[in-house]
Every structure is written in C-alpha cells, then in structure tokens.
Amino acid sequence: MFRFMADYKGDETTGFQSPAQDYIEGVVDLAAILDLRRPGRYPVRVKGQALAARGIRDGDILVADAAAEPRPGVVCVAMVGGDVILATLTRTGASWVLAPSSGPIITVAEDVEVWAIVQALVRTAV
Amino acid sequence: MFALIDGNSFYCSCERAFDPTLRGKPLAVLSNNDGCAIARTQEAKDLGLKMGEPWHLASKRQELKPVIWMSSNYALYGDMSRRMYELLCEEAPRVEPYSIDEMFLDYAGLPGDLLALSARIRERVRTVAKIPTCVGIGPTKTIAKLANKVAKGVRGGDGLCDFARKEEREEAYKTIPLGEVWGLGRASVAKLARRGVESVADFTALRADEVRELLTVTGVRTQAELKGTVCYPFSVSPLTRKSLAVTRSFGKPVLAWPDMEQAIAAYATRAAEKLRRRGLVATAMQVFLRTNEFNSDPKYANQSTFEIEPTADSFALMGDAVRAGRRLWRDGFRYAKAGVVLLDLKPAAELPQELFASRDPERSARLMIALDTVNARYGRQTLKPAVTGLGQSWSMRRQRLSPRYTTHFDEVLLARA
C-alpha cells in the first residue's frame with residue numbers, strides 16, 4: 001500500500017491541528033505483551049488435538065518459557081527420547097512426572113527434559 | 001575480575017536445542033555452500049573429524065559415516081547468541097559479546113563467591129538459552145580466556161576454571177602450552193619455541209624487552225595480561241572496520257554474465273545495507289571474481305580497486321560494482337566466487353557536502369530509509385533492485401538447513417499434543 005505521508009499516526013495533519021497530537025500511542029505490541037524478546041521465551045506450534053479439552057488446539061502457537069519455575073498442573077514442552085511433546089507436569093513425592101495426553105506417565109529423568117513451560121497461546125485462525 | 005563464557009560447539013548446540021534426535025550423536029555444521037566442517041560435537045571429534053575438513057571428502061570416509069551433517073543456519077545461531085547475551089545481562093553488570101559464541105563478563109564490584117556465581121550462570125544459560133558452556137575466570141581477559149580453554153579441555157568436568165588467584169594460575173602455567181594463549185599466533189609460538197619457550201610459565205618468565213624484540217608490543221601486552229595487568233579493558237563498542245566485504249562462493253559455477261551481474265549486484269546491495277546499519281559511507285571499492293582454485297577448470301582471477309564518490313546508496317554502489325565486474329568478466333570460464341569489498345569507510349555524519357554530487361543526497365537518504373524500513377518489517381530481500389534477480393540460480397547451496405525455529409513464524413518448533 002502506498003502512503004503519501006509515510007508515518008501519519010493521527011498527529012501531524014496538514015490543515016487543522018490534530019487534538020490527539022499529545023495523546024498518540026502506538027499500535028498494541030503483541031510481541032511486548034507476550035514478552036517474546038525475553039531470552040527464555042520460545043514459540044512452539046501444536047500438532048494434534050489431544051489437548052483440546054485444555055483449550056490447546058492443533059495449529060495454535062504456544063509461548064513457552066524456559067526460565068519459568070515448574071509447578072504442578074502446568075502444561076510443558078518436553079523432550080522425551082527423540083520426541084518433542086506437550087504434557088501436563090505433576091509431582092509424585094519428590095520427583096516430577098509428565099502426564100502426556102495419551103500414553104503412560106513419564107518420570108523426568110536422564111533422557112527426559114522439561115524444555116519450557118507454556119505461558120500463553122496465540123491463535124491466528126479463529 | 002573477568003569471566004569468559006563460551007558455548008560448547010555453539011552451532012551444533014543450537015541445532016540440538018530444538019532437535020532432540022541430534023543429542024548424543026556425532027554432528028557437524030558445514031560452512032556456506034556446504035563446504036567444510038566449521039562446528040563439531042564431541043562425538044564427531046572423537047570419530048576423527050577435523051575442523052575445516054571438506055564435506056565432500058569427509059562424508060566418504062568410512063569412520064565418519066555416522067556423522068550427521070547440517071548446513072549453517074545463521075538466522076538461528078544469531079538469535080540464540082542474542083538470547084545468551086540477554087540472559088547474561090540479567091546476571092552480570094556488564095557483558096561484552098566478543099563473538100557469536102563467547103562473551104566476556106565484568107565481575108567488578110560483585111560480592112561473594114565468583115566461582116559459585118559462574119556455576120549458576122552456566123546452569124541458567126543451559127536451561128534458558130539451551131546452550132552448554134564453559135566459564136573461565138581471571139583478573140584479565142587473557143587469563144579468563146586461558147582459564148576457559150582449560151575448563152573446556154577437561155572431559156566430563158564441571159565446565160569451570162578459576163584463575164583468580166595468582167598462586168593457582170602460576171602453578172597451572174607450568175603445564176599449559178603457549179599455543180593455548182589468546183593473542184599468540186602460530187608464528188609467534190613457533191618463534192618462541194625456537195628459543196626454548198614452550199609453556200606459559202616460560203613465556204611469563206621472559207624479560208619484557210626480550211618479548212618486545214621477538215613479538216613487538218602486542219606480545220608485551222599479552223605477557224602483561226598473563227601476569228595480571230589489564231591491557232585490554234572491557235569494551236562495548238562493536239567492531240569498527242575500515243572495510244566491509246560481501247564475498248561468497250557460488251552454489252554452482254556461473255557461466256553467463258547475466259548471472260554474474262545478478263550476483264555482484266546482490267552483494268553490493270547487501271554490503272550497502274550493512275554500511276547503512278553502521279552509519280557509514282564507502283569512499284572506495286574492490287570487486288573481484290575468480291574460477292575454482294582447487295579443481296581442473298581453466299583458471300582466471302581478476303580484481304579491480306577504485307575510488308568512488310562517497311556514498312551508502314544501494315543503487316550507486318551497485319552501479320559501480322556491476323560496471324567494474326563487467327570490465328573484469330571474460331567469457332568461457334566457470335566462475336566459482338565473486339565479491340564486493342567496500343573500502344575506506346567513514347562515518348556518514350563526517351561526510352563533506354559535495355558541491356556537485358551526482359545524486360541528490362536528501363533523496364538518496366530518504367529512499368534508502370524506505371528500503372531498509374520495508375526490509376526490516378517484511379523480511380530481508382522484500383524490496384530489492386530488480387537486477388539482483390528473482391531466480392538467483394547462483395545463490396548459496398544449503399541442502400541440510402534446519403528450520404529457523406525462533407525467527408520465522410512458519411518454521412517454529414512443533415510439539416505433539
């Protein structure tokens with residue numbers, strides 16, 4: 001789209017002075033709200049419908065934070081063997097376990113990494 | 001006190017961060033055009049893969065069959081380096097990104113146990129920025145760098161080495177070969193070896209005037225740093241350069257001038273972008289092209305260096321570069337590489353107003369701002385001079401490229417629900 005005035009934001013008018021001049025704010029910045037520039041924040045795309053009951057659907061973009069503290073009940077991105085999966089993090093006694101949406105409970109051990117914890121969700125097709 | 005934190009096999013670690021199937025496997029990342037190995041995991045080193053080994057030869061070696069080869073994904077590595085830097089800024093008062101995979105930390109004024117702090121930082125970089133690292137601590141950059149090398153050399157170690165205390169490091173100096181020291185090149189090390197100077201301790205024992213005679217003032221500084229006197233202070237100014245080069249080997253040989261013209265125009269455009277980002281203008285230029293040096297193709301190489309009207313305008317630089325390239329071009333050769341080097345760079349602000357400039361500087365500046373803004377917003381090469389080509393058959397070969405997990409919406413990590 002061609003704009004004759006490249007950066008008109010509702011402030012610099014040519015005829016009448018804009019009463020909004022001193023009140024101009026930028027467009028809502030989703031990257032800032034989702035804190036995407038934080039070093040531990042990673043976008044992750046969901047594959048599969050198994051977490052639909054928690055409101056997480058196929059194709060959604062999750063904002064996962066590798067710096068977040070693990071808490072029982074949160075959804076996390078985990079690396080299990082060679083797979084990247086979503087699972088609910090819970091606790092049994094002293095150890096953390098992963099409850100995937102299907103399949104058996106996985107104990108967090110040597111080749112299981114809680115990679116990041118899901119903090120927010122973006123859906124571009126509603 | 002300084003620390004140097006350095007990513008282990010950084011490029012490989014970036015790949016492994018997002019792809020768990022690569023963990024524990026021998027992995028190598030290849031240079032541009034999938035040329036040779038530029039990063040190797042420990043497993044690949046253990047199989048005997050050397051730094052810089054050409055892929056087309058190494059991939060045929062029987063013992064290297066298990067190695068997984070990947071093209072370099074600099075969009076990913078750059079973003080992972082940014083993450084590492086930002087995380088470190090949360091922990092240390094000052095951070096100097098020395099290179100894409102190593103950063104100096106200034107521990108000045110920090111209370112408490114610096115070794116414990118380093119261990120904590122190292123653990124956070126691993127869990128948050130997903131990069132395994134080693135940390136060296138010392139009162140000068142050269143010592144911190146040496147400590148880092150020592151930490152890296154210990155297999156299955158804790159990835160830390162503390163040379164803060166004089167007695168401890170001087171004891172260690174006796175067994176560390178001089179080649180490990182930052183700032184001493186191969187020639188200097190060989191020169192010293194002929195004098196029987198082989199360990200770091202031998203070197204620090206030399207008199208300063210002997211060192212000056214052998215290695216000039218740079219060697220004297222390195223020696224002083226090894227003894228604990230700071231000669232290289234903390235720096236936060238990015239590399240200032242006198243020249244700026246965009247040179248690439250072609251994905252496949254270039255045989256026709258229109259393809260070469262595209263390539264040279266594209267390199268000049270890219271160089272101009274980098275120039276503007278740094279607020280500089282170029283006052284001279286070099287253009288070169290050449291055939292493959294290593295195979296049996298007929299050989300031709302030529303270059304031209306010339307002064308230009310000081311500018312950072314993509315179109316002006318492109319015109320100069322393409323005209324020079326045309327003069328160098330000879331039909332009938334299989335060209336393997338070309339490059340555009342901008343020389344004698346000066347800050348744009350210091351540029352004297354040309355009385356009879358061939359381009360209106362106001363208009364040029366506005367056009368370039370528009371170009372850069374669009375490309376920043378919609379991705380590189382959204383707007384580009386048409387002569388740089390749409391097909392780009394000569395462009396880089398990157399057959400084993402991983403997704404740009406963190407910078408491209410369509411390529412983010414997939415997780416199975």
[X] vs [Y] side-chain heavy atoms within contact, under 4.5 Å:
| X | Y | value |
| --- | --- | --- |
| Met79(A) | Arg16(B) | no |
| Val84(A) | Leu414(B) | no |
| Ile61(A) | Val412(B) | yes |
| Tyr42(A) | Thr406(B) | yes |

Look at the side chain of Trp115(A) and the backbone N and O of Thr127(B), then say whether any donor-acceptor pair between them is shorter than 3.5 Å.
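No, Trp115(A) side chain to Thr127(B) backbone: no donor-acceptor pair under 3.5 Å.
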Short question: side chain of Arg83(B), backbone of Arg37(A) - any donor-acceptor pair under 3.5 Å?
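Not confirmed, Arg83(B) side chain does not pair with Arg37(A) backbone.
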Using non-hydrogen atoms only, which part of Arg57(A) is less than 4.5 Å away from chain B: side chain, backbone, both, or neither?
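Neither part.
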By a 4.5 Å heavy-atom criterion (distance strictly below it), what part of Arg54(A) contacts chain B: side chain, backbone, both, or neither?
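For Arg54(A), neither part sits under 4.5 Å from chain B.
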For atom CZ of Arg123(A), decide whether the heavy atoms of other residues, nucleotides or ligands shown that lie under 6.0 angstrom number more than 12.
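Result for CZ/Arg123(A): enclosed.
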If you draw a 6.0 Å radius around CZ in Arg71(A), do more than 12 non-hydrogen atoms from other residues or ligands fall strictly inside?
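Counting other residues, nucleotides and ligands, CZ of Arg71(A) stays at 12 neighbours or fewer.
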What's the spacing between Leu51(A) CG and Arg416(B) CZ if we round to 0.5 Å?
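If we round to the nearest 0.5 Å, Leu51(A):CG and Arg416(B):CZ are 11.0 Å apart.
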Rounded to the nearest 0.5 Å, how far does NZ of Lys47(A) lie from CG of Leu413(B)?
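Rounded to the nearest 0.5 Å, the CG-NZ separation comes out at 10.0 Å.
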Heavy-atom closest contact (Gly81(A) atom, Pro20(B) atom, distance):
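For Gly81(A) and Pro20(B), the tightest heavy-atom pair comes out as O-CB, 3.5 Å.
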Non-hydrogen atoms of Ala415(B) and Val77(A) that approach each other most closely:
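Minimum heavy-atom contact is CB-CG1, 4.4 Å.
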Proximity breakdown for Met80(B) and chain A, heavy-atom pairs closer than 4.5 Å:
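Only the side chain of Met80(B) comes within 4.5 Å of chain A.
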Under 4.5 Å from any heavy atom of chain A - which part of Tyr405(B):
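Contact with chain A is through the backbone of Tyr405(B) alone.
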Give me the one residue out of Arg124(B), Arg82(B), Glu90(B) that meets side-chain contact (heavy atoms from CB on, under 4.5 Å) with Pro39(A).
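So the option named by the test is Glu90(B).
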I'd like to know whether Lys130(B) forms a salt bridge (charged side-chain N to carboxylate O under 4.0 Å, His left out) with Glu113(A), so could you lay out the CA-CA distance, the side-chain angles of the two residues, the decisive distance to 0.1 Å, and finally the verdict.
CA-CA 11 Å; Lys130(B) 305 295 177 193; Glu113(A) 183 197 356; 3.4 Å; yes
Which residue out of Leu62(A), Val114(A), Asp83(A), Thr124(A) racks up the most heavy-atom pairs below 4.5 Å with chain B?
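Winner by heavy-atom pair count: Asp83(A).
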Identify which of Ala50(A), Gly48(A), Pro43(A), Ser101(A) forms the greatest number of heavy-atom pairs closer than 4.5 Å to chain B.
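That would be Pro43(A).
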